[in-house]
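Input: a single structure, listed below in structure tokens.
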Amino acid sequence: MPRQIDRGPADDENPEAVGEGLGGVTGGALGVGLGALLGPAGMIVGGLAGAAGGWWAGRELAHATDDFSDETDEHYRRLHQERHADRCDWNDARGFYNLGRLARRNPDYEGRAFADVEPELRRGWRDEGAGPFQSWEDVRPFVSTGYEEPPR
């Protein structure tokens, strides 16, 4: 079994209870719930919970974060270093790779290409940006890589 990485204080909470709580809130509050894993990308998940609901607002989302391991983190870190190290720091982009990875686990997206689900993911974007990123186009490469290139 892969070793779990430290995702911060939220690790101590029951994922099912966290997920149930996520189902009743939207926007920033949801982003805070997943902030330890997603950072600024958590705000997009909050927007998706409010706009799209369903899987994005339910406990299945919390369960989808359970398998994030050191190996998963290293996979996306390596891809980031190979492709985007000159654009931004890994720590700023990390949550957006995870957002793509989580989107791939959404049963509503099963068998669909990133281009097909991108409009829904983009609906979660806030005009005020997220961290150093000011537009969806700034984070799109990271989200699409997370969605299209899972760890092997």
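Owing to the predicted nature of the structure, the values given are computational and were not obtained by experimental measurement. What you see below is based on every heavy atom in this structure, not just the backbone, and it leaves out hydrogens, waters and symmetry mates.
In this structure, the side chains of W90 and H84 stay at 4.5 Å or more apart for every pair of heavy atoms. At least one side-chain heavy atom of P151 sits under 4.5 Å from a side-chain heavy atom of Y76. Within the 4.5 Å cutoff, the side chain of V117 has no heavy atoms near those of the R104 side chain. Taking 4.5 Å as the limit, every side-chain heavy atom of R77 sits out of range of all side-chain heavy atoms of Y97.
Of the possible donor and acceptor atoms, one in the side chain of R112 sits under 3.5 Å from a partner among the backbone N and O of D108. Proximity of a side-chain donor or acceptor of D92 to a complementary backbone N or O of C88 within less than 3.5 Å is not detected.
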Legend entry - Steps toward salt bridge (Lys or Arg N to Asp or Glu O under 4.0 Å) verdict (E148, R101): CA-CA 8 Å; E148 295 174 334; R101 185 184 71 84; over 6 Å; no
Inset, instruction - Could you walk me through whether R83 and E149 pass salt bridge (Lys or Arg N to Asp or Glu O under 4.0 Å), step by step? - result: CA-CA 13 Å; R83 300 173 187 177; E149 299 185 45; 2.8 Å; yes
Inset, instruction - Given side chain to side chain contact (heavy atoms under 4.5 Å, CB included), test F114 with V143 step by step and report yes or no. - result: CA-CA 9 Å; F114 180 76; V143 179; 3.8 Å; yes
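Here the two rings, on Y147 and F142, have centers that are 6.0 Å apart or farther. Proximity of the aromatic rings of W125 and F133 is defined here by a centroid distance below 6.0 angstrom, and this criterion is not met.
Side-chain atoms of S135 and E137 form no donor-acceptor pair, as typed in the model, at a separation below 3.5 Å.
How far CZ of R140 is from CG of D138: 12.5 Å, rounded to the nearest 0.5 Å. Interatomic distance, CG of L99 versus CZ of R94, reported as 13.5 Å (0.5 Å rounding). Between atom CG of residue N98 and atom CG of residue D73 there is a gap of 7.5 Å, rounded to the nearest 0.5 Å. Distance check: D116 CG to L121 CG gives 11.0 Å after rounding to the nearest 0.5 Å.
Between R78 and E74, no side-chain nitrogen of the basic residue sits less than 4.0 Å from a carboxylate oxygen of the acidic one, so the salt-bridge criterion is not met.
The two atoms that bring A93 and H80 nearest to each other are CB-CE1, 3.6 Å, heavy atoms only.
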